[in-house]
Engineer: 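Sharing a structure below in structure tokens format, with a few things to ask.
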Amino acid sequence: MEIPRHWRIKSQRYGLVGEVCPHCEIKIFPPRDVCPNCGGEAKEEYIFSGRGEVYSFTSLYDGPAGFEETTPYTVALIKLEEGPVVTAQLTDLGDASVEIGMPVEMVTRRIRSDGDERGMLIYGYKFRPLGLGPR
Amino acid sequence: MTSSEKSSLLLIPDRPVGFIGYGAYVPRYRLPGSAVARVWRFSEGGSPVKEKAVAGLDEDVITMSIEAARNALARAGIAASELRAVWIGSESHPYAVKPSGTVVAEALGATTSVSTGDWQFACKAGTEAIVAAMGLVGSGMGKYALAIGMDTAQGRPGDQLEYTAGSGGAAYIVGPADEALAVIEAAYSFVTDTPDFWRRQEQKYPEHGQRFTGDPAYFKHIHSAAETLLKETGTSASDYRFAVFHQPNPKFPQRAASLLGFNDEQIKDGLLVPVIGNTYAGAALIGLSAVLDIAQPGDRILVTSFGSGAGSDAFALRVTEAILERRGKAPSTAAYIARRTEIDYGTYVRFRGKLAMK
Ligand SMILES: [Zn+2]
């Protein structure tokens with residue numbers, strides 16, 4: 001059972017909550033309390049806008065255990081507009097083909113269930129093509 | 001307060017309240033009615049709607065509520081930590097035991113000083129949460145409360161409901177009337193014990209008590225709620241620019257409207273069932289969000305929900321100047337409806353978990 005681990009990282013995973021360095025202003029995700037740029041202590045919470053662009057991507061037709069329900073899917077490295085790069089699934093692609101540089105926005109979705117249909121549901125960030133309007 | 005005011009049947013809090021923000025959500029997939037008819041009638045015709053919205057594989061009432069609520073917060077211009085309640089009305093909470101509200105509150109950043117809870121009253125669970133939010137804000141217990149009506153509606157394969165049972169809904173932030181984009185001038189709830197539609201614990205699909213579905217349920221409760229609200233507020237149909245009714249299909253709300261003296265022009269903008277289906281607890285509330293997207297300051301709106309079991313909540317709203325600068329801060333209902341990917345019946349069966357894998 002991985003319940004404690006899921007519980008500990010839930011706020012960063014539900015809503016892209018990271019940190020901002022008080023010394024050099026750099027935005028940090030995932031949060032690590034130490035600035036990767038200047039090495040200073042960085043514990044101030046920062047909520048990312050959720051906007052970014054596709055940096056690279058790959059489609060998985062034979063996903064790992066626990067992801068059978070949503071296979072096939074596309075995983076991408078997303079460069080957030082504040083700088084950090086995160087790995088996440090893309091969703092709501094419809095008929096759109098994924099391209100490097102494609103603008104995307106964060107949505108909170110069901111990632112998988114922990115085990116079978118009796119297990120807890122795990123939610124987290126994914127990204128979809130930008131285009132619905134302001135947010 | 002005078003004694004005559006106290007004896008009123010209307011629900012009016014001591015402190016005036018209204019909606020300070022709202023947000024819609026509709027998933028992107030659409031199942032045409034003709035696709036259902038092809039499987040169950042071996043023909044293309046017979047669907048009461050053009051198509052219905054279907055949630056994707058990674059969507060449920062929790063994820064859809066999060067997005068609608070983010071839109072509502074963007075319009076309200078408040079921090080999630082200012083919410084004192086996060087209440088979600090639905091017939092399709094992902095868990096039987098474990099609140100949807102806690103996940104939604106956490107994802108919004110509304111935890112930890114917040115009341116959360118999941119509401120159920122069939123298709124009026126969302127408006128029930130709004131009535132409660134009016135009480136919380138109107139009594140001064142909290143300044144802002146979030147109430148959501150959202151569903152991934154269930155219909156048994158081959159049942160008439162399969163044409164219409166859709167996914168979507170809307171979120172509303174109730175706050176002080178002087179900050180509102182639409183003031184809630186009064187509400188009224190009408191309830192009886194009526195066996196028109198139910199789903200027992202652990203059953204996947206609902207049952208309907210055939211002879212109870214039309215006149216004794218939908219029409220009686222909608223009519224009584226709206227008629228009493230009009231009478232007690234001293235208003236008539238012609239005072240309202242818009243009216244929104246619960247919409248299980250296109251015909252019911254049209255007939256309910258005309259019996260109350262409303263014309264097609266007043267209901268057309270809030271009548272979304274032909275293009276997204278019946279979103280159960282979301283239906284009246286997303287109809288209202290489509291109306292708020294286009295309403296002008298001073299416009300009056302009548303909203304009446306219906307939930308099987310059975311009851312209706314009716315609201316008299318008056319739109320304020322604040323609508324003009326706030327509605328552009330989140331995607332419109334029409335933008336969600338226009339975002340559309342058509343699916344076939346097989347894809348629908350997979351998306352909605354109707355395939356037995358073991
Ligand atoms: Zn730094």
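On a predicted model such as this, the values are computed, not experimentally measured, just so you know. We name chains A, B, ... by the order of the sequence lines, and we start the count at 1 in each one.
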Engineer: Checking B:T63 against chain A: side chain, backbone, both or neither under 4.5 Å from a heavy atom?
Structural biologist: both
Engineer: Between B:D58 and A:R112, does any NZ, NE, NH1 or NH2 come within less than 4.0 Å of an OD or OE carboxylate oxygen?
Structural biologist: no
Engineer: Around atom NZ of A:K43, are there more than 12 heavy atoms from other residues, nucleotides or ligands closer than 6.0 Å?
Structural biologist: no
Engineer: Within a radius of less than 6.0 Å around CD1 of A:I100, do more than 12 heavy atoms belonging to other residues, nucleotides or ligands occur?
Structural biologist: yes
Engineer: What option among A:T91, A:T70, A:L121 has the most heavy-atom pairs under 4.5 Å with chain B?
Structural biologist: A:L121
Engineer: Answer yes or no: is there an ion pair linking B:D60 with A:R110, defined by an N-O contact shorter than 4.0 Å?
Structural biologist: yes
Engineer: Assess whether a salt bridge exists between B:E67 and A:R128, defined as any Lys/Arg side-chain N lying under 4.0 Å from an Asp/Glu carboxylate O.
Structural biologist: yes
Engineer: Carefully, step by step, assess A:E69 and B:R350 under the rule side chain to side chain contact (heavy atoms under 4.5 Å, CB included).
Structural biologist: CA-CA 9 Å; A:E69 268 180 47; B:R350 181 180 173 193; 5.7 Å; no
Engineer: Counting only heavy atoms not in B:Q120, do more than 12 sit closer than 6.0 Å to its CD atom?
Structural biologist: no
Engineer: Using heavy-atom distances under 4.5 Å, tell me whether A:E68 contacts chain B through its side chain, its backbone, both, or neither.
Structural biologist: backbone
Engineer: Please tell me if the side chains of B:R339 and A:L132 come closer than 4.5 Å, counting only heavy atoms from C-beta onward.
Structural biologist: yes
Engineer: Kindly indicate whether the side chain of B:Y29, heavy atoms from C-beta on, has any atom under 4.5 Å from the side chain of A:D92.
Structural biologist: yes
Engineer: Could you give all pairs that pass the ring-ring contact (aromatic ring centres under 6.0 Å, His included) test and reach residues 33-61 of chain A, with sequence neighbours left out?
Structural biologist: A:F29-A:F48, A:Y46-A:F48
Engineer: Side chain, backbone, both or neither: which part of A:T71 has a heavy atom under 4.5 Å from chain B?
Structural biologist: backbone
Engineer: Using 0.5 Å steps for rounding, measure from the OH atom of A:Y14 to the CG atom of B:L108.
Structural biologist: 11.5 Å
Engineer: If you round to the nearest 0.5 Å, how far is CD1 of B:I62 from CZ of A:R109?
Structural biologist: 13.5 Å
Engineer: Heavy-atom count check: over 12 atoms from other residues, nucleotides or ligands less than 6.0 Å from A:D62 CG?
Structural biologist: no
